[in-house]
Amino acid sequence: MKRLLMIGLTVFLLTILAACSEEGSGDGNGETDGEKSLKIGISLPSATHGWMGALIEEAENQAKELKESENIDYVITNAADPNKQANDVDDLISQEVDVIVMLPIESAALTPVGQKIKDAGIPLVIVDRELENDAATVVVKGDNEGIGVNAGKYFIEQLGGEGKVVEITGPPSSVTEQRGSGFKEAMESEEGMEVIASQSGDFSTEKSLTVMQNILQAHPEIDAVFTQDDGMALGVIQAIKEAGRTDIQFVTGAGGAKEVFENMKEDGLIKATFLYSPTMVKDAVVIAGDIAKGEEPSESMVVKEATQVTKENADEFYNPDSKF
């Protein structure tokens, strides 16, 4: 009888231990019963203000919302240069995230990084600046070429088809190339339009101020200035004001910054801008969440419209509380 009792007790204890072992199974990362936690990796440049600062904020807010509603985790990295961004992406790959959202600091420099993501079998959603290969699963961007073309048409219309124009470009990227090619296309369509200077302001207000100061010294006659970014437009008009130049009829930007809208509403020198909203990153994060859940994206290219904004319709887009 005692022997039977001991055997029964042993079987009972082994059953309990087996059950406990099953309940505690997993890989140490919160995964149990074979279920894998979904996670999105988001690789962005670093910024605290302006268009990029607003985009970073929009990305994090959307990622938080996705985590609360869909229980999809996320990790965001920020880099000041391409090398740091490449290292950030390596770290995301090693974490085996399900999808990566990336805004490349420079298109050419980050193209091999995009290929590395693809080779690792991780879907890639690119925002704003495109890569030079086909590594992206989906690209979400504004209509960069449309910004250039629409700006060019505005210049031709406002200057009556004849004028000396300055172009302030961005750093090397698909954004800069596409906006520049669109503007060039429009300028070359009108014989009387001449681009007398084209220099990079690196999407920086401070750099554009310095660049424009040099251009003003070199060119005593300028009719208008096309800038590929609202922040650069603000630097340009500061340089013009400090130089006391009255020959320049207007400046245009791109983006949709509240300071630019305010300048327009006050009859300042900036007469037009073309929308390129940082909220585009919200679309990218939502798409990444859908892909992480196993859904096929409905399209591989999402392009946001380059709406022209002037004093007449600025109130429709102006938000005094906006970070950008």
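Because only heavy atoms are used, hydrogens play no part in the values below, and waters and symmetry mates are left out as well, while side chains stay in. In this text the structure is predicted, and so the values were computed from the model without any measurement.
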ask   = Taking the side chain as C-beta and beyond, is there a heavy-atom pair between Asp247 and Asp223 under 4.5 Å?
value = no
task = Please report the closest heavy-atom contact between Glu58 and Thr279, naming both atoms and the distance.
result = OE2-CG2, 3.5 Å
key: Candidates Thr273, Thr252, Asn263, Thr205 - the one meeting side chain to side chain donor-acceptor pair (under 3.5 Å) with Asp230   = Thr273
ask   = Considering all heavy atoms of both residues, which atom of Ala79 and which atom of Lys84 are nearest to each other, and what is their separation?
value = CB-CG, 3.4 Å
query = Is there a side-chain contact between Val175 and Lys141 (heavy atoms, below 4.5 Å)?
reply = no
task = Mind listing the closest non-hydrogen atom pair of Gly142 and Met280 along with its distance?
result = N-CE, 3.6 Å
message = With heavy-atom distances below 4.5 Å as the criterion, would you say the side chains of Asn214 and Leu216 are in contact?
response = no
key: Lys311 bridged to Asp267 by N-O distance under 4.0 Å   = yes
query = In terms of heavy-atom contacts, does NZ of Lys153 have more than 12 from other residues, nucleotides or ligands at under 6.0 Å?
reply = no
message = Suppose we screen for side chain to side chain donor-acceptor pair (under 3.5 Å). Which residues come up paired with Asn83, at least two apart in sequence or across chains?
response = none
ask   = How about Ser43 and Val101: do any of their side-chain heavy atoms sit closer than 4.5 Å?
value = no
query = So if you build clusters from Ile, Leu, Val, Met, Phe, Trp, Tyr with side-chain heavy-atom gaps below 4.5 Å, do Val149 and Val303 land together?
reply = no
remark   = Across all chains, not counting sequence neighbours, the side chain to side chain contact (heavy atoms under 4.5 Å, CB included) partners of Pro82 are Ile105, Glu106, Ala109, Leu110
inquiry  = I'd like to know if Lys164 pairs up with Glu221 as an ion pair, taking the criterion as any Lys NZ or Arg NE/NH1/NH2 lying under 4.0 Å from an Asp or Glu carboxylate oxygen.
reply    = no
query = Is any side-chain heavy atom of Val97 closer than 4.5 Å to a side-chain heavy atom of Leu38?
reply = no
Going by atom type alone, with no hydrogens or angles, which donor-acceptor pairs under 3.5 Å involve a side-chain atom of residues 253-262 and a protein atom two or more places apart or on another chain?
residue	atom	partner	partner atom	Å
Lys258	NZ	Pro320	O	3.0
Lys258	NZ	Ser322	O	2.8
Glu262	OE2	Tyr318	OH	2.6

task = Please test Trp51 against Tyr276 for ring pair (Phe, Tyr, Trp, His ring centres under 6.0 Å), starting from the C-alpha separation and ending with a verdict.
result = CA-CA 9 Å; Trp51 190 88; Tyr276 197 83; 5.7 Å; yes
inquiry  = I'd like to know if Leu124 and Ile122 are part of one continuous hydrophobic network [Ile/Leu/Val/Met/Phe/Trp/Tyr, side-chain heavy atoms within less than 4.5 Å].
reply    = yes
task = Could you check if a side-chain atom of Asn87 sits within less than 4.5 angstrom of a side-chain atom of Asp91, using non-hydrogen atoms only?
result = no
ask   = Does Phe183 have any ring-ring contact (aromatic ring centres under 6.0 Å, His included) partners at least two apart in sequence or in another chain, and if so, which?
value = Phe155, Phe226
inquiry  = Are Leu55 and Val286 connected into the same hydrophobic cluster when the rule is that any two of I, L, V, M, F, W, Y join if their side-chain heavy atoms are below 4.5 Å apart?
reply    = no
message = Tell me every residue that passes side chain to side chain donor-acceptor pair (under 3.5 Å) with Asp119, counting only those two or more places apart in sequence or in another chain.
response = Gln115
ask   = Listed by chain and number, what are the side chain to side chain donor-acceptor pair (under 3.5 Å) partners of Asp81, not counting sequence neighbours?
value = none
remark   = Looking only at heavy atoms, the pair that brings Thr176 and Pro171 closest together is OG1-O, 2.6 Å
ask   = Would you call Asp98 and Lys39 a salt bridge, taking side-chain N to carboxylate O under 4.0 Å as the test?
value = no
query = Would a 4.5 Å heavy-atom cut-off, applied to side chains only, mark Gln178 and Glu130 as touching?
reply = yes
request  = Report, as yes or no, whether the 6.0 Å neighbourhood of atom CD on Glu191 holds more than 12 heavy atoms from other residues, nucleotides or ligands.
outcome  = no
inquiry  = For a quick test of reading the model, state the closest non-hydrogen atom pair linking Val309 to Ala314 and the distance between them.
reply    = CG1-CA, 3.7 Å
ask   = If we only count heavy atoms from C-beta on, is the Val225 to Ile248 side-chain gap below 4.5 Å?
value = yes
key: Asp143 and Lys304: CA distance, side-chain angles, deciding distance, salt bridge (charged side-chain N to carboxylate O under 4.0 Å, His left out) verdict   = CA-CA 6 Å; Asp143 186 0; Lys304 316 295 283 187; over 6 Å; no
query = Do Asp229 and Arg179 sit within salt-bridge range, that is, some charged N less than 4.0 Å from a carboxylate O?
reply = no
ask   = Is there a path of hydrophobic side-chain contacts, each under 4.5 Å between heavy atoms of I, L, V, M, F, W or Y residues, that connects Tyr154 with Ile270?
value = yes
ask   = For the residue pair Ala186 and Ile156, what are the closest heavy atoms and their distance?
value = O-CD1, 3.3 Å
